[in-house]
Number of protein chains: 4
Amino acid sequence: MKTLRGCTSANDTRKCIVEVATRVFALHGFQRAPLSLIAFEAGVSKSLILWYFGSKDSLVLEVAKHVLPLDIVSGCLGQEDLGAQGLLECIGSRYLRKYSSSLMASLLLQTISLENTYTEIRMLLDKLCTGYVREIARRVFGEPLNKEKVAKIRIFMGSLLCYSLRPIESIDASKYLESLIKLIMH
Amino acid sequence: MKTLRGCTSANDTRKCIVEVATRVFALHGFQRAPLSLIAFEAGVSKSLILWYFGSKDSLVLEVAKHVLPLDIVSGCLGQEDLGAQGLLECIGSRYLRKYSSSLMASLLLQTISLENTYTEIRMLLDKLCTGYVREIARRVFGEPLNKEKVAKIRIFMGSLLCYSLRPIESIDASKYLESLIKLIMH
Amino acid sequence: MKTLRGCTSANDTRKCIVEVATRVFALHGFQRAPLSLIAFEAGVSKSLILWYFGSKDSLVLEVAKHVLPLDIVSGCLGQEDLGAQGLLECIGSRYLRKYSSSLMASLLLQTISLENTYTEIRMLLDKLCTGYVREIARRVFGEPLNKEKVAKIRIFMGSLLCYSLRPIESIDASKYLESLIKLIMH
Amino acid sequence: MKTLRGCTSANDTRKCIVEVATRVFALHGFQRAPLSLIAFEAGVSKSLILWYFGSKDSLVLEVAKHVLPLDIVSGCLGQEDLGAQGLLECIGSRYLRKYSSSLMASLLLQTISLENTYTEIRMLLDKLCTGYVREIARRVFGEPLNKEKVAKIRIFMGSLLCYSLRPIESIDASKYLESLIKLIMH
DNA sequence: CATGAATGAGCCTTCATTCAT
DNA sequence: AATGAATGAAGGCTCATTCAT
């Protein structure tokens, strides 16, 4: 195998391409980033990327799926020993860490924009904004679920998104999260 | 002047183009929407669009600037007789109305994504997220300004964004806004 | 009439356009120079240029015709009191003066290139290189005309062209002309 | 590889494209000749041309460089056994042969016109008109170099150019060259 | 005379994709 | 698994030209 540039996982070409593509997509946008640039950055040929992924769309989709915070949310929900506040802390801290670089934040935004283009993205977002949000609400505020409880979790998620997109210089992530949770939990 | 299709302001070609472009960009994305499609939808020639705007980029920029909620925020800030809660209600209700259609919401998202491409968009977002947010915080919570107050307004804005992107079926906009303001004002 | 910029003959729009066009064509080339640029430089509208000349091609032709040295040659030939050397001096000095600016020299080159595009240019060049050259040869070397005499005049003309295109820094035009005439007249 | 039409070097796509482009440029002019025409004439796709050359400008430049007579001059200067007259005969005969077709002559003219557009062309012309001309002058007339010697070589080159552009029907190239050299060497 | 609005043809270029090796 | 060669579709943009006023 050729030496691949700028890859952490240097021994798996496929993973390496995804890794490089993520970076390039973040910098240039899914549409604007040509396969040739990704190929160049990864030190492979365009053809190889297509050999692995079949089409640019598939690559975009693969990257996009990794970008969404579904893994974080499902991961924290899986920790059944977490209390109400613990769950929010778990999600919040991992969320803010994942999108702490402006590259990842930009990519998140772009991925959400893709929901009109890729059905799969829309379904994932549905799962996140409806299914998971309701599950979090249940875990945090207890049964029975009502509108206000759901709204609060949405506010929680929205505030995380908004901070990731434009971190407030004078307030670091953990302080912000602390204020946010206090507000939500009242 | 030719009969222009699908235009409210049928007697001003330039405005009509912006109007149609806004719709087309929302549906297909800034990048994916070709000028030819906008031209077709507006019933004019591609050349005419370029004659008015010089380049596709300029048209994108013009549309993008109209999409951001700066007009709303500055408009409400201008109403000096509004109290703390009144100000938030003003901004919130207009915001949720502006982006009540999924088209406008999608466009807002895409516009934010453009901040790495167009300096002017970045500056407007800076103005919104720094300047205006601080001014709102001052008006709502009074001097002296501190981090927590700013954070709360950011939470307010982020929650509006998040709801616009994915309205909660069971909760209508006004109820959501009410809950949100209660939370913020505590 | 609008104030026309950069025109010597400010009171004749048509002449002014030709004047400005000559300059713009010299700088950018006949093909590359758009009518809009000429219009801008002349301070008139594109439409007006077309109103006067009918088409860009006609304007190009009009400028091109003025650029060729036919006027010089026929002018000097018209001075019947000139001797052999006097005739060459007349032609040579006016020629080198006309194309002393690199703009005019560049334009001359481009005009010659046009002979495959515009029949009229080809005919003018034919007239210059065949008719006039033979007439000069007759006046300079006397009857009967032979190949060598014609060749010498062609050498004379070619040398003038070549110097105009790339003046020799260390040799000024009059010195060059002097050497040239000495060579030709033997 | 596809069968390439109208190519001498049929087994080298890149060379074939240059060859066809040279012909097409000569007929239509660098500007007027669209890539699509060259592609059609060469029996390849436009895209392939761009794949090889990157841009039309690069192709133009590549063709233009081959058109200038630098190869001839440097080739003859390299033959150190040539005497004064032999050197001029070498350059003159090759020169007149290279541009014996009106296509090549036209292309030469156009290439010179490009010196305002492409720096590289200007540099090559500088090398030809200054460096090489002085070297020829030294070889032909011996040290020390003076203005008159340089001027004579310039006259020599200019006369070659002028004859190439418009061969004299009644005088064939070798006769013309003979007269020219006699004149120069006096 | 003079202009702005509007158009259409054409061109360079980008880019995803295919194919042979 | 990997690549270079080759293609075609599509898009943005330039620019001469036309038309109504």
Side-chain angles (χ1 to χ4, degrees), chain A residues 1-2 4 12-14 17 31-39 42-60, chain B residues 1-2 4 12-14 17 31-39 42-60, chain C residues 1-2 4 13-14 17 28 31-39 42-60, chain D residues 1-2 4 12-14 17 31-39 42-60:
Chain A
M1 194 183 63
K2 272 197 60 172
L4 300 182
D12 183 338
T13 305
R14 193 190 159 89
I17 291 174
Q31 305 276 342
R32 295 184 112 98
L35 279 186
S36 53
L37 181 56
I38 299 172
V44 300
S45 69
K46 249 186 330 181
S47 310
L48 190 62
I49 299 183
L50 288 170
W51 190 87
Y52 274 112
F53 297 91
S55 72
K56 185 185 177 182
D57 267 10
S58 302
L59 176 58
V60 166
Chain B
M1 194 182 64
K2 272 198 60 171
L4 300 182
D12 183 338
T13 306
R14 193 189 159 91
I17 292 174
Q31 308 272 348
R32 294 185 111 97
L35 279 186
S36 54
L37 181 56
I38 300 172
V44 299
S45 65
K46 241 187 336 183
S47 314
L48 190 61
I49 299 182
L50 291 170
W51 190 83
Y52 274 112
F53 298 92
S55 71
K56 186 184 177 183
D57 266 11
S58 301
L59 176 58
V60 166
Chain C
M1 195 181 64
K2 272 197 59 171
L4 301 182
T13 304
R14 192 190 161 91
I17 292 174
H28 299 84
Q31 304 277 342
R32 295 184 112 98
L35 279 186
S36 53
L37 180 56
I38 299 172
V44 299
S45 67
K46 247 188 330 184
S47 309
L48 190 61
I49 298 183
L50 288 169
W51 189 88
Y52 273 113
F53 298 92
S55 71
K56 185 185 178 182
D57 268 11
S58 302
L59 175 59
V60 167
Chain D
M1 195 182 62
K2 271 198 61 170
L4 299 181
D12 183 337
T13 305
R14 193 190 159 91
I17 292 174
Q31 309 274 345
R32 295 183 109 99
L35 280 186
S36 54
L37 181 56
I38 300 172
V44 299
S45 66
K46 242 186 334 182
S47 313
L48 190 61
I49 299 183
L50 290 172
W51 190 83
Y52 275 111
F53 298 92
S55 71
K56 185 184 177 182
D57 266 13
S58 301
L59 176 59
V60 166

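So that the names make sense, note that chain A is the first sequence line, chain B the second, and so on, each numbered from 1.
For D/Thr13 and F/dA6, the shortest distance from a side-chain N or O to OP1 or OP2 is below 4.0 Å. Taking only side-chain nitrogens and oxygens, C/Tyr52 comes nearer than 4.0 Å to OP1 or OP2 of E/dA2.
Remark: DNA chain F takes part in the stems E:2-21 with F:2-21, each of 3 or more antiparallel Watson-Crick or G-U pairs, criterion distances under 3.5 Å.
Protein atom CZ of B/Arg14 is 15 Å distant from nucleotide atom C1' of E/dG4, rounded to whole Å. Between the CD1 atom of C/Ile49 and the C1' atom of E/dT3 there is a distance of 12 Å, rounded to whole Å. Residue C/Phe53 contributes atom CZ, which lies 14 Å from atom C1' of E/dC1 at whole-angstrom precision. At whole-Å resolution of the value, CD1 in C/Ile38 and C1' in F/dA16 are 12 Å apart.
Listed by chain and residue number, nothing satisfies the salt bridge (charged side-chain N to carboxylate O under 4.0 Å, His left out) test with D/Arg32 (two or more places apart in sequence, or in another chain). The side chain to side chain contact (heavy atoms under 4.5 Å, CB included) test applied to A/Ser47 returns A/Ser45, not counting sequence neighbours. Looking at residues two or more places apart in sequence or on another chain, you find a side chain to side chain contact (heavy atoms under 4.5 Å, CB included) between B/Leu35 and B/Ile38, B/Lys46, B/Ile49, B/Leu50, B/Lys56, B/Leu59. Contacts of B/Ser36 classified as side-chain hydrogen bond (donor to acceptor under 3.5 Å, both in side chains), with partners at least two apart in sequence or in another chain: none.
Shortest non-hydrogen contact noted between C/Arg14 and C/Tyr52 is NH1-O, 3.3 Å.
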So if I define the base as every atom that isn't primed, P, OP1 or OP2, how would nucleotides 14-21 of chain E read as a B/S/- string at a heavy-atom cutoff under 4.0 Å? BSBBB---
